[in-house]
Amino acid sequence: MKFLVHTYGCQMNVRDSEAVEAMLLAAGHEKAAGEDDADLVIVNSCTVRQKAEEKAVGKAGNLIAAGKVVGLMGCAVKRMGEDVFKRLPRLHFAVGPRAFGLIPRIVAEGRYPRLELAEDLVPGCLSAHVEGGWQAYVTVLLGCDNRCSYCIVPDVRGHEYSRPAREVVAEVGALARRGVREVCLLGQSVLRYGVRNQAWEDGWRGEAFPRLLRALSEIDGIERIRFTSAHPKGCTDELIRVYRDCPKVCRHLHLPVQSGSDRVLAEMGRRYTRAEYLAAVAKLRAFDPEFAVTTDVIVGYPGETEADFEETRSLMEEAGFDNAFVFKYSPRPGTRSAALPDDVPTAEKERRNQVLLDDQEKRGQRRNEALVGSVREVLVEGPSKRNERRWSGRDGGNRIVVWERAGSERAGDFAKIRIVGAHPQTLIGEMA
Ligand code: SAM
Ligand code: SF4
């Protein structure tokens, strides 16, 4: 059987899709070259915003209309439950975010329609990886217990659960033996690793995540370790010591702030103030002024005033973000904020969104210009799509670097690139 997986949403979904592909390949199935060639198309869905859900469900609907056998997996399935078959009456199967390990069995049995919302993971499903490539995502923390007022993730991805450290270390070791050089550890609030349940089996009482970073740093072949997403409360002195002691741990943190207004932060239940957030950024930059900090922001949260918005603007300037993802607030069923009036008009959300993007464009340009003249260690990704002679890769700060190919570099290698020019989201370089 030939299959294809389409993925919407965050890195967690990208990772879950990869695991599904690996399991289907291991079961003897083949990856299709395209939709026309596929006997089965699986759509991995997101529901964090209404538009994201519509995109994924719309895609599945189009495939069904074209006569395909379609499976839907991921967050939107959990949100809709049995209603998924009302939205997509001819859908073959639907599996929730923790049930993707059942897909090979569902396909083998071929009994449709079928809905699986199990919370128990199929053993081994988290460590299934597709062979090849030099970068890999590794899920270390599942679910989320934070319950931010606007967020549907805890409802669909379930309670926080830290995978045993032993299992994570073994998985990264296996990836290293296959040639993987960079791992990115995933969790909604990854610095809470080992907080709700013990991750280390030896009764360790210290900070579990920094210890995991130290353990993974010891693995030969792994050259870079990233992780996402972070929370200011996790930016401890021990984390800074890990950055100092372990050069493989990349000096980049994705630290979603959501708002710069203390009033809005409190309503969102984010558990930090503006000052605490900025103190965390200052701590990282005091350690290394080039430390890359990126963020997520929501505009148009219920009751967000012009003054609140200006607080977000000024926080973003003070934090000096290297990159920012800006989202327009979207009420999600069952969340606390869904009970509040969605009172910022769409046009105003659009305006605030654009203002922040324009600010970030200028800030990105400024921050990148400051790197002109420096030599970056870049993991080579390959030729750019538009121009074969131009190659691209990323530095430790996750910044995209583009250069004219010298000829000797190969994808998966590390190259030293001298920066000669800057754009808001890209550095231009030459082989050093
Ligand atoms: N766990 C991460 C954290 O809390 O830092 C983020 C997870 S969420 C999948 C990714 C981003 O989507 C959030 O950081 C937030 O900016 C945005 N988001 C979540 N719920 C949203 C909503 N209801 N409307 C608009 N954006 C939302
Ligand atoms: Fe959602 Fe907050 Fe959990 Fe992030 S930390 S997934 S925003 S509830």
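Whatever order the structure lists ligands and atoms in, that order sets their numbers, starting from 1. These figures come from a predicted structure and were not determined experimentally.
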> Is it true that some N/O/S atom of Cys144, main chain or side chain, lies under 2.8 Å from atom 2 (Fe) of ligand 2?
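Here the distance criterion (N, O or S atom, under 2.8 Å) is not met by Cys144, so no.
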> Looking only at protein heavy atoms, which one is nearest to atom 7 (S) of ligand 2, and how far off is it?
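Nearest neighbour among protein heavy atoms for atom 7 (S) of ligand 2, to 0.1 Å: Tyr150 OH, 3.3 Å.
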> Hey, is Arg270 touching ligand 2 through its side chain, its backbone, both or neither, going by heavy atoms under 4.0 Å?
side chain
> Check ligand 2 against Gln188 and write out every atom of the ligand that is under 4.0 Å from a heavy-atom position of the residue.
6 (S)
> Nearest 0.5 Å please: distance from the CG atom of Leu239 over to the CG atom of Leu191.
6.0 Å
> Less than 6.0 Å separating the ring centroids of Phe227 and Tyr193?
no
> Among protein heavy atoms, which sits nearest to atom 5 (S) of ligand 2, and what does the distance come to when rounded to 0.1 Å?
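Sorting protein heavy atoms by distance from atom 5 (S) of ligand 2 puts Asn146 ND2, 3.2 Å first.
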> Taking the six-membered ring for Trp, are Tyr272 and His231 ring centroids under 6.0 Å apart?
yes
> Regarding Ser259 and Glu304, do their side chains bring together a donor and an acceptor under 3.5 Å, going by distance alone?
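No.
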> Looking only at side chains, do Ser261 and Tyr301 share a donor and an acceptor under 3.5 Å apart?
no
> Could you go through ligand 1 and note, for every N or O atom, any protein N or O atom closer than 3.5 angstrom, writing the atom names and distance to 0.1 Å, or 'none'?
unit_1, atom_1, unit_2, atom_2, d
ligand 1, 1 (N), Gln188, O, 2.7
ligand 1, 1 (N), Gln188, OE1, 2.9
ligand 1, 4 (O), Arg270, NH1, 3.2
ligand 1, 12 (O), Arg49, NH1, 3.1
ligand 1, 14 (O), Gln258, NE2, 2.8
ligand 1, 14 (O), Asp296, OD2, 2.7
ligand 1, 16 (O), Gln258, OE1, 2.7
ligand 1, 23 (N), Tyr150, O, 3.1
ligand 1, 23 (N), Ser330, O, 2.8
ligand 1, 24 (N), Ser330, N, 3.0
ligand 1, 26 (N), Arg49, NH1, 3.3

> Would you check if the side chain of Asn368 reaches a backbone N or O of Ala422 as a donor-acceptor pair within less than 3.5 Å?
no
> How many angstroms lie between atom CZ of Arg211 and atom CZ of Arg214, to the nearest 0.5 angstrom?
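One gets 11.0 Å once the value is rounded to the nearest 0.5 Å.
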> Rounded to the nearest 0.5 Å, what's the gap from CD on Glu276 to CG on Asp262? Could you check?
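Between Glu276 CD and Asp262 CG, I get 8.5 Å after rounding to 0.5 Å.
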> Give me the nearest non-hydrogen protein atom to atom 1 (Fe) of ligand 2 as residue plus atom name, then the distance to 0.1 Å.
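That would be Cys151 SG, 2.2 Å.
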> Hey, could you give me the OG1/OH distance between Thr228 and Tyr137, rounded to the nearest 0.5 Å?
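Those atoms lie 8.5 Å apart.
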> Please state which part of Pro154 comes within less than 4.0 Å of ligand 2, counting heavy atoms only: side chain, backbone, both or neither.
side chain
> Looking only at the side chains, is there a donor atom on one of Arg181 and Gln135 sitting less than 3.5 Å from an acceptor on the other?
no
> Using a 4.0 Å cutoff against the non-hydrogen atoms of Arg147, which atoms of ligand 2 qualify?
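What qualifies from ligand 2 is 8 (S).
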> Would you say Cys148 has an N, O or S atom lying under 2.8 Å from atom 1 (Fe) of ligand 2?
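No.
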